[in-house]
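Heads up, the thing below is written out as structure tokens.
Order of listing sets the numbers, starting from 1, for every ligand and every atom in it.
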Amino acid sequence: MKPPDLSRAHRVPPGQTLTEKWPVLTYGRTPRFDPKTWTFRCFGLVEQEASFTWEEFRRLPRVTVTSDIHCVTRWSRLDNTWEGVSIRELLTRVRPLPAARFVLQHAEPDYTTNIALEDLVQDDVVLALRHNGRDLEPDHGGPMRLVAPKLYFWKSAKWLRALEFLDVNPPGFWEQNGYHMHADPWTEERYSDQETRAMQQMRAEAARTLRDR
Ligand SMILES: Nc1nc2c(c(=O)[nH]1)N[C@H]1C(S)=C(S)[C@@H](COP(=O)(O)O)O[C@H]1N2
Ligand SMILES: [Mo]
């Protein structure tokens, strides 16, 4: 991982304001965690699908990563220390197939968000269980959330329960509601004209037809 850039000016993307508080942004209610029924699954275009119980997941090796939060609603919170399972640790177990280029995060309650595989495999992406030395609070995604700090924070699903590896890029919950498919805060990819799943499939099919002729 690159050493953090300590000059604040270079850490706050355009249009963002710093906050020391940590706002809760949830569409809907905070789900209840039941360690007896909780599972975390990886499925789709992988060599080895996987499902972890809570006991199994909490025994995985952990890393600690410090990163900044940038929310599309224009607040940023610097220097968050996350402890959890590195995405790389998980991917060495499931091994995405070459065709896998996108990942749909499936979370409670009925939340999804899409991310390119190359944005997911960054060094600072973690399946976080703890924040600043404490178990993640339920409102902030406890027991486990994704943290992908290079993208706006809606791309980091709280209460994550599955990762689906795909060759198409289906828009998740906010993406279907007008948010950007990629969400880079440095170029202010906040909102977008949507390209729907149906449109992408049509485009892929058209490309295939042309290629096979
Ligand atoms: N499951 C789930 N994950 C979610 C959300 C949500 O509503 N449900 N909100 C997203 C949005 S819009 C943001 S900005 C961050 C907020 O995380 P926080 O409440 O810990 O600040 O979580 C993201 N992940
Ligand atoms: Mo958000």
Exercise for the section: Using the salt bridge (charged side-chain N to carboxylate O under 4.0 Å, His left out) rule, take K150 and D119 through it: C-alpha gap first, then chi angles, then the decisive distance, then the call. Expected result: CA-CA 8 Å; K150 290 192 179 74; D119 290 324; over 6 Å; no

Handout entry: Derivation of the side chain to side chain contact (heavy atoms under 4.5 Å, CB included) call for I69 and W22
Key = CA-CA 10 Å; I69 296 173; W22 187 6; 3.8 Å; yes

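Evaluated for a ring-ring contact (aromatic ring centres under 6.0 Å, His included) with F40, the options F57, W159, W54 yield exactly one hit, F57.
In this structure, Q105 contributes its side chain and A157 its backbone to a donor-acceptor pair below 3.5 Å. Using modelled atom types, no side-chain atom of K155 and backbone atom of D184 make a donor-acceptor pair closer than 3.5 Å.
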Considering only distance and modelled atom types, tabulate donor-acceptor pairs under 3.5 Å from the side chains of residues 134-142, sequence neighbours left out.
unit_1	atom_1	unit_2	atom_2	d
D135	OD1	R130	NH1	2.7
D139	OD1	T30	OG1	2.8

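Residue-level contacts of ligand 1 at the 4.0 Å heavy-atom threshold are W22, P23, V24, L25, T26, Y27, C71, W75, A107, E108, Y111, H140, R145, F153, W154, S156, A157, K158, W159, W174.
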